[in-house]
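To start, the structure itself, in structure tokens.
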Amino acid sequence: WSTPGPKPVWAYSNCDSVELFNDLGTISFGKRARTGGERGDTRFQWDSADVRYKVLYAEGSIDGQVVARDMIILENLPDPPGG
């Protein structure tokens with residue numbers, strides 16, 4: 001992650017769905033639902049997330065309730081507009 005721009009992003013979770021953001025909950029790349037039933041794939045994929053800022057933040061939900069949050073910092077990218 002040396003430059004901003006579209007890249008594939010994967011998140012792994014046992015949640016029903018995961019929403020990916022490029023800041024703390026402000027720039028959403030959309031929600032992905034787990035496929036394949038109860039024992040389905042735990043990988044959630046965004047094929048071309050236009051990552052512009054150094055914060056990647058994900059929220060995992062079960063039955064519509066957020067139950068997990070995670071964040072990574074991509075040091076080579078600019079700070080998000082919110083700081």
Side-chain angles (χ1 to χ4, degrees):
W1 295 81
S2 57
T3 60
K7 294 176 177 56
V9 177
W10 300 276
Y12 292 86
S13 174
N14 61 354
C15 292
D16 297 335
S17 65
V18 173
E19 186 168 7
L20 180 67
F21 299 91
N22 193 201
D23 195 0
L24 290 178
T26 59
I27 303 167
S28 176
F29 293 128
K31 225 179 234 191
R32 299 291 185 264
R34 185 168 57 173
T35 59
E38 192 168 322
R39 295 198 178 270
D41 192 358
T42 60
R43 183 173 80 173
F44 297 81
Q45 183 170 336
W46 291 262
D47 291 326
S48 190
D50 192 11
V51 177
R52 295 282 170 202
Y53 307 109
K54 69 180 185 180
V55 175
L56 272 182
Y57 172 75
E59 291 184 339
S61 298
I62 295 175
D63 295 328
Q65 292 287 95
V66 174
V67 296
R69 293 180 174 93
D70 203 358
M71 175 177 57
I72 61 170
I73 305 296
L74 307 167
E75 292 294 339
N76 293 324
L77 299 184
D79 287 332

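Side-chain atoms are counted along with the backbone in the values below, which use heavy atoms only and exclude waters and symmetry mates. For the single chain, residues carry numbers from 1 onward in sequence order. Here the structure is a predicted model, which means the values were calculated and not measured.
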#### Entry: ILVMFWY clustering at 4.5 Å (side-chain atoms), partners of V66
none
### Message
Which residues end up grouped with I62 if you chain together Ile, Leu, Val, Met, Phe, Trp and Tyr wherever their side-chain heavy atoms are less than 4.5 Å apart?
### Response
V67
Identify, with sequence neighbours excluded, every residue that meets side-chain hydrogen bond (donor to acceptor under 3.5 Å, both in side chains) alongside [X].
X   : value
Y57 : E59, R69
D16 : none
T26 : D23

### Query
Are S61 and E19 linked by a side-chain donor-acceptor pair shorter than 3.5 Å?
no
### With sequence neighbours excluded, residues passing salt bridge (Lys or Arg N to Asp or Glu O under 4.0 Å) with D70
none
### Task
Drop me the distance from R32's CZ to S17's OG, to the nearest 0.5 angstrom.
11.0 Å
### Query
Going hydrophobic residue to hydrophobic residue with side-chain gaps under 4.5 angstrom, can you get from V18 over to Y12?
no
### Query
Does one hydrophobic cluster hold both L24 and I73, with members joined at side-chain heavy-atom distances below 4.5 Å?
yes
Donor-acceptor contacts, no H, no angles, side chain residues 2-10, under 3.5 Å, sequence neighbours left out:
from, atom 1, to, atom 2, distance (Å)
K7, NZ, T3, O, 2.8
W10, NE1, Q45, OE1, 3.2

### Task
With sequence neighbours left out, write down each residue that passes side-chain contact (heavy atoms from CB on, under 4.5 Å) with L74, or none if nothing qualifies.
W1, V51, K54, L56, I72, L77
#### Entry: Minimum side-chain heavy-atom gap L20-F44 below 4.5 Å
no
### Query
Is there a donor-acceptor contact under 3.5 Å from the side chain of N22 to the main chain of R52?
yes
